Each structure stands twice: as structure tokens, then as C-alpha cells.
Amino acid sequence: MTTTTTSTPDAQNVGDMIDRLNLKPGHAAVGGLQWGDEGKGKVVDLLTAGFDVVARYNGGANAGHTVVVGDKNSALHLIPSGILYPDKLNVLGNGVVIDPEQVVKEITGLREQGLKLDENFVISDRAHVVLPYHKIQDALQEAAYVMPNALDQTIEGIGTTGRGIGPCYADKALRSTAIRMSDLRDFDQLKHKLHRIVPIKNATLAALAQYANEDFTPIDVEALLAWLKPLAEQLVPHLTDGAAVLHDRIQQGERILFEGANATLLDIDHGTYPYVTSSNCSSLGVHTGTGVAGHHVTNVIGIVKAYQTRVGGGPMPTQLDDEIGERIRQVGREFGTTTGRPRRTGWLDLVALKYTATVSGATGMAIMLLDVLAGLPELKVCTAYEIDGQTVTNFPADIGVLSKVKPVYETLPGFPEDVTECRDYDSLPGAARGYLKFVEDFLGVPIVMVSVGPKRSQSIFC
Ligand code: IMP
């Protein structure tokens, strides 16, 4: 799970804040440019007020954020936080993989808090369904992958969130074992499909379990159908042709905010493969994940944490395993919200960021959690990698190469001052401004916003 945000639709001056972001006319995409948990929820929350529709295009219950309704916190993994605005349409696009139990839980929780979701929440009928056997497969696949063999005694697993994301997308690609949301409309047909799919799953999972020395209880297809039926009844009224709805809204002159889950370095095509998630999390996923073509998206806001973090497996060149890394983890509260896993922390990696900003087509960046760096005597930023004595500035495709690179750092002065009360750029300490300017110049993408705390008001517009 990624971001934590508080969200109330009635916060002050939101319109003014959006104006100060200087967005171009048209639609906008928001996505993380690192390995997730950049603080995207706060930016989405802020921006939502200026848009009519919030559409999520990828991922599943592996992401999420906390919203505050009245004085109650709710964890949302699938439903966008725009749901708190009764007049905004919230769309789960065809690129999202949907855990029916999770989404019904979120719907029920929000309804208990007085929100009506009848009019403003729709799910693409082309989205795929995450079923319980996907989660079992996720865990068994991880266990099987790390089994010692003749050549390797130890290997790092992908470190998935265990939410069944990879196996569900794999079934989407396999086609014959996939279930889409539209299948929930016709239970007789679904029954036939599951009677075909479940024996295949049972055979595959039993073999996987045997190889990984794990237990596996075969899935009972009738029990699965009985579990799914009441969930389907709750979800079917929300199903629609997601792309058609979005195009209607575009025709009507409404503005869409496309929300990406996870982040660009976790993108299946452009991330640190294989230590990635199974969808296109970069802004490139907007188009396949919603059915809205590229030219509509005129703004791409890349969300960047002021330092680097990573959770799960895979190399992270600027990782700090020292007291500075620990300090960043504690001050930044860098622990996964779903799994509680401590996040690895490190210096900002500008080589990786240059790559992700380029791939995503970022038109602006929001720098988050700058306050966490206050008090560090000096700040390092990685501007190149050294590989076998060579200095390179491109981001390597090969994970073996990325695991070996040594970061080349530029050292910048730190700022001792607390910045959480700063409300405009000029009131930031000179060294903090110097840090931001270095990042902006290196990446060649304008910083449009700097966040100095979790509250909406703790935002500086540049
Ligand atoms: P999966 O998406 O559960 O398959 O996990 C694949 C990899 O992506 C693992 O390293 C996860 O820790 C990571 N991951 C997935 N979603 C997020 C996220 O929202 N934030 C940070 N890491 C994530």
C-alpha cells in the first residue's frame, strides 16, 4: 500500500491552490516517479477539487490511501479518494484488477459513513477480477521462486504484497483462465467458466505447492460461486463501459484526473524488472487502462519524494543502511501501511528520476516530504552510476547491472531549520531552495509544488 492522506472535501482555498499549479487546459495524470509511496494521495486529494472525474487506470488492492470522513479514518485500496466529493465521478478503469471482497468492503464502509455511491462510482466491465486463488498463487509462486536449486542456494523473491495482482494480470494475458467484471452479470455463464477454470487452477497450484513444500487445499468451485454471488450482486449495479463513460464526459467538456497506482519504477515494462508490479503504472498506462488516448492528457504531474524509498525486493542503488537511513525511516514514518514492512530508504536517485520523468512525459513535479530532510547536515543526490569503472548516466535495463552500480553523489548543504510552517517558496531556507533547484535543473522538469507536511495547507506552490 502506498500513500496516506487525509481528505475532506470542504478544505479551504483548494481552488486557489489548483490555480497556482498552472495546469494546461485538458486532462491530467498523476503518478509516482519512484518505487511508490511518494505521497501521491495528497496531490490527488488536492487536485480532485479542480476536476470532474477521477479515473484509476492500473493496479489493484496493492495500493491505497487513508481518507478521513468526519472524524473516521477509512483505508481505501481501490476506490479513488475522489469518492468523498459527491459531485465527482469515480471510475475504476479496465486496467485495474478488482478484488470483489475488498471493493465491497470499501463500498460498505463508505456507505456506513453516510456517503452515497449510487451515482458517482463506476467500474469498467472490462476490468479483471482478482479471485482467492490468485492470492494463493501469489504466495505459492513467491515460495517456489526462492526454492534452492543446483546453481543457486538463495535468491531474493519479488516481495509482492500478496494481493493476487500478478496472477490476475497473468490470467488476463492467458485469456482462457481470466474472469472479467462483465462476467459477474451472468452467473450461469460464470458458473460454466469457473467449472472450466478452477480444475486448471487446482492442478497448477497443487503442483506449485508440492514443489515449494507448501500446503494447498483445492478450491471448491461451488463454494467459490457461493462466496462470489452476494459480492457480484453488489457490484453489478456499478458496472459500465468505462471508456464510453469517460469519452462522454470529455465530450461534455468535463476534466478528468487520471490516478496511477504504484509508481513508474514498478511499471511492468519500464520499471526495475522483474522487481516490479504487473501493470503499467507510469502515465503510459492511462491509455490502455482507461481507453482514453494520449493527446487528451496535457498534464502529467510526477510525484517525487525528496529522498528514495523502496519496499519489497530488487536493487536500490542509493540505499542507506546506516543511521541516516534509519533517521529518514523514522522521521518519514517509512513503514508500509498495509503490510507494515519497513521501507528501505536512501538518497535521491536522479539517474532513476531522469529516466522515469522522461518515460512518463512529466510536465511538472510535486516534491513531497521535504520536511523529512530537515536537520541532516548534508544532502546527497545521485547524479550518475559507476559500473565496472565506467561512469554512466542512463538507467540500466538489466537488473544484474543495476544491482552492481555504485552511486556517484553530489553533496549539497543541508538545512537545519524546520520547514513545516513554510508556506511559500521564498520562506524556505536557502539550502532547501538550493536542493530543489539542483533537482529541477538536473531533471529539466519544473517543480510545481513542494509538500512540507501531510496537511493540505502544508503545500508550497512554485
Ligand atoms: P505486487 O504488486 O503485489 O505484485 O508487488 C510487486 C512489487 O511491487 C513488490 O516489491 C511490492 O512491494 C511493490 N509494490 C506494489 N505496489 C506497491 C505500492 O503501492 N507501493 C510500493 N510498492 C509497491
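In this text, all values refer to a predicted model and were calculated from it rather than measured experimentally. Indexing begins at 1, ligand by ligand and atom by atom, following the structure's order.
Residue T160 places no N or O, backbone or side chain, under 3.5 Å from any N or O of ligand 1. Residue contacts with ligand 1: V311 is placed with a nitrogen or oxygen under 3.5 Å of a nitrogen or oxygen of the ligand (distance criterion only).
Between L266, T309, T277, it is L266 that holds the heavy atom closest to atom 14 (N) of ligand 1. The residue from D37, N262, D138 that puts a heavy atom closest to atom 21 (C) of ligand 1 is D37.
Residues D267 and N280 bring a donor and an acceptor atom of their side chains to less than 3.5 Å of each other. Side chain to side chain, T358 and K354 fail the donor-acceptor criterion of an N or O pair below 3.5 Å. If you check the side chains of N94 and S124, you find no donor sitting under 3.5 Å from an acceptor.
In this structure, F258 and H27 have perpendicular ring planes: the angle between them is above 60°, well past the 30° mark.
The minimum heavy-atom distance linking L266 with G36 is given by the pair CD1-N, 4.5 Å.
Residue contact annotation: S278 has no non-hydrogen atom under 4.0 Å from ligand 1. Under a 4.0 angstrom heavy-atom cut-off, Y275 registers as lying outside contact with ligand 1. For R341, the closest heavy-atom approach to ligand 1 falls below 4.0 Å.
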(request) Begin with the C-alpha distance, continue with both residues' side-chain angles, and end with the deciding distance and a verdict on side chain to side chain donor-acceptor pair (under 3.5 Å) for R310 and T272. (result) CA-CA 11 Å; R310 181 160 204 182; T272 48; 3.2 Å; yes

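When each atom of ligand 1 is checked for a heavy atom of W35 under 4.0 Å away, the hits are 21 (C), 22 (N). Near G159, meaning under 4.0 Å from any of its heavy atoms, are these atoms of ligand 1: 9 (C), 10 (O), 11 (C), 12 (O).
Contact annotation: the side chain of V53 never approaches that of R255 to less than 4.5 Å [non-hydrogen atoms, C-beta and beyond].
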